[in-house]
Each structure stands twice: as C-alpha cells, then as structure tokens.
Amino acid sequence: MKALLRATALGISLLATSVSSYASDKASPDEAVAMVKKAVSLIKSEGKEKAFAAISDPANTTFHDRDLYIYVYDMNGVAVAHGNNPKMVGKPLIGMKDNEGKLMIKEMVDLAKSKGKGWVDFKWPNPVTKSVESKSGYIEKVDDVLVGSGVYK
C-alpha cells in the first residue's frame with residue numbers, strides 16, 4: 001500500500017512539474033508586445049528589407065522564442081514576412097479564416113487602420129504543440145504594414 005501511495009505521489013508531482021514547465025514554455029502577452037516593439041524598431045532603423053529577413057530567419061532568437069514569432073502583413077493582407085511559415089510570404093491572406101470562420105488577417109488590418117495597434121483573438125496552430133489553440137495576436141502599424149506576434153492561451 002505504501003508503494004502504491006509513493007508511486008501515486010510521484011506521478012502527481014511529475015505531472016505538476018511537466019504542466020508548470022509547459023506553462024513557463026508559453027510566452028506571455030508582455031513578451032509578445034516586447035517582441036513586436038523590437039521588430040517595429042528594427043523596421044524603422046534598418047529598413048524593411050533587412051528587418052523582414054531577420055524576422056523570417058528561424059535562427060534569429062530575437063524574433064523566434066518558444067511559441068512566439070513575428071508576422072508582418074501589408075494593408076491589403078499580403079504576408080510580407082513570417083517567422084513561422086515562410087510559405088505564406090507573398091500570398092494575399094486577407095480572406096483567410098481560422099477554423100471557426102473568423103477572418104483574422106482582415107480583423108488585424110482593420111484594427112491597424114482604425115487604431116494603429118491592439119489585440120485580435122483567433123484559433124491558430126501552435127508551432128510547439130502542433131495543435132490548433134486559442135491565440136491572442138498583438139499588432140502595431142508601422143508605415144504601410146502591420147507587425148504582430150501572439151500568445152497561445
């Protein structure tokens with residue numbers, strides 16, 4: 001009986017450790033905002049070409065950290081840089097919907113045009129877990145593009 005109780009206690013503590021470890025592996029909203037601000041700053045200081053190359057480089061940990069990465073769209077919803085899926089670059093994605101039918105790129109563009117920055121909620125594949133999860137994306141408009149990053153909930 002004692003062995004069973006010890007095994008159960010060990011199992012519970014391992015589960016708690018793995019859950020808290022996974023939670024700490026998830027980025028926070030403050031980290032997403034900070035990463036967007038770094039990308040905006042790079043665009044302003046180095047220009048779009050250099051910034052977009054840095055954003056799209058998976059080895060650049062400034063713009064790739066755990067489940068956090070940068071994406072950039074023009075005001076027509078065309079992806080001009082994407083830190084997680086370079087196949088999206090150059091494609092008009094204004095009509096792309098999440099798995100619940102939400103036009104999240106359109107909503108980001110509309111938010112960028114109306115307020116210049118803010119949060120948009122949608123469903124998106126998590127690059128770490130490989131499953132579709134709820135995500136909040138923070139965007140900021142700089143010149144004629146919006147720069148975003150998001151956190152999985």
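Counting begins at 1 with the first residue of the sequence. Small disclaimer: the values here were computed from a predicted structure and weren't measured.
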Does K153 pair with D121 as a salt bridge, N-O distance under 4.0 Å?
yes
Without hydrogens or angle criteria, can the side chains of S28 and D30 be said to hold a donor-acceptor pair below 3.5 Å?
no
Calculate, to the nearest 0.5 Å, the distance between atoms [atom1] and [atom2] belonging to [X] and [Y] respectively.
X	Y	atom1	atom2	answer
T61	L68	OG1	CG	11.5 Å
S149	E140	OG	CD	11.5 Å
M96	M104	CE	CE	3.5 Å
H64	I70	NE2	CD1	9.0 Å

With a cut-off of 3.5 Å and sequence neighbours excluded, list every side-chain donor-acceptor pair involving residues 77-85.
unit_1, atom_1, unit_2, atom_2, d
H82, ND1, N84, N, 3.1
H82, ND1, N85, N, 2.9
N85, OD1, K87, N, 3.2

Keeping Y69 on the side-chain end and S56 on the backbone end, is there a donor-acceptor pair under 3.5 Å?
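No.
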Test: salt bridge (charged side-chain N to carboxylate O under 4.0 Å, His left out). Region: [range]. Which pairs qualify, not counting sequence neighbours?
range	answer
residues 68-85	none
residues 142-152	K48-D144
residues 107-116	K102-E107, K106-D110

Ring pair (Phe, Tyr, Trp, His ring centres under 6.0 Å) contacts touching residues 87-121 (sequence neighbours left out)
W119-Y138
Please tell me whether [X] and [Y] are part of a single hydrophobic cluster in this structure, the criterion being side-chain heavy atoms less than 4.5 Å apart.
X	Y	result
I139	V40	no
L146	V72	no
I55	M88	no
M75	V147	no
V109	W124	yes

Looking only at non-hydrogen atoms, find the nearest pair between [X] and [Y] and report the distance.
X	Y	answer
A51	I43	CB-CG1, 3.5 Å
V120	L111	CG2-CD2, 3.8 Å
N126	D67	OD1-CB, 3.8 Å
P127	Y152	CD-OH, 3.4 Å
A112	K141	O-CD, 3.5 Å

Do the ring planes of Y71 and Y73 sit parallel (below 30°), tilted (30 to 60°) or perpendicular (above 60°)?
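Tilted: the ring planes of Y71 and Y73 meet at 30° to 60°.
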Residues that K130 engages under side-chain contact (heavy atoms from CB on, under 4.5 Å), provided they are two or more places apart:
none
Side-chain heavy atoms of F63 within contact of L42, under 4.5 Å
yes
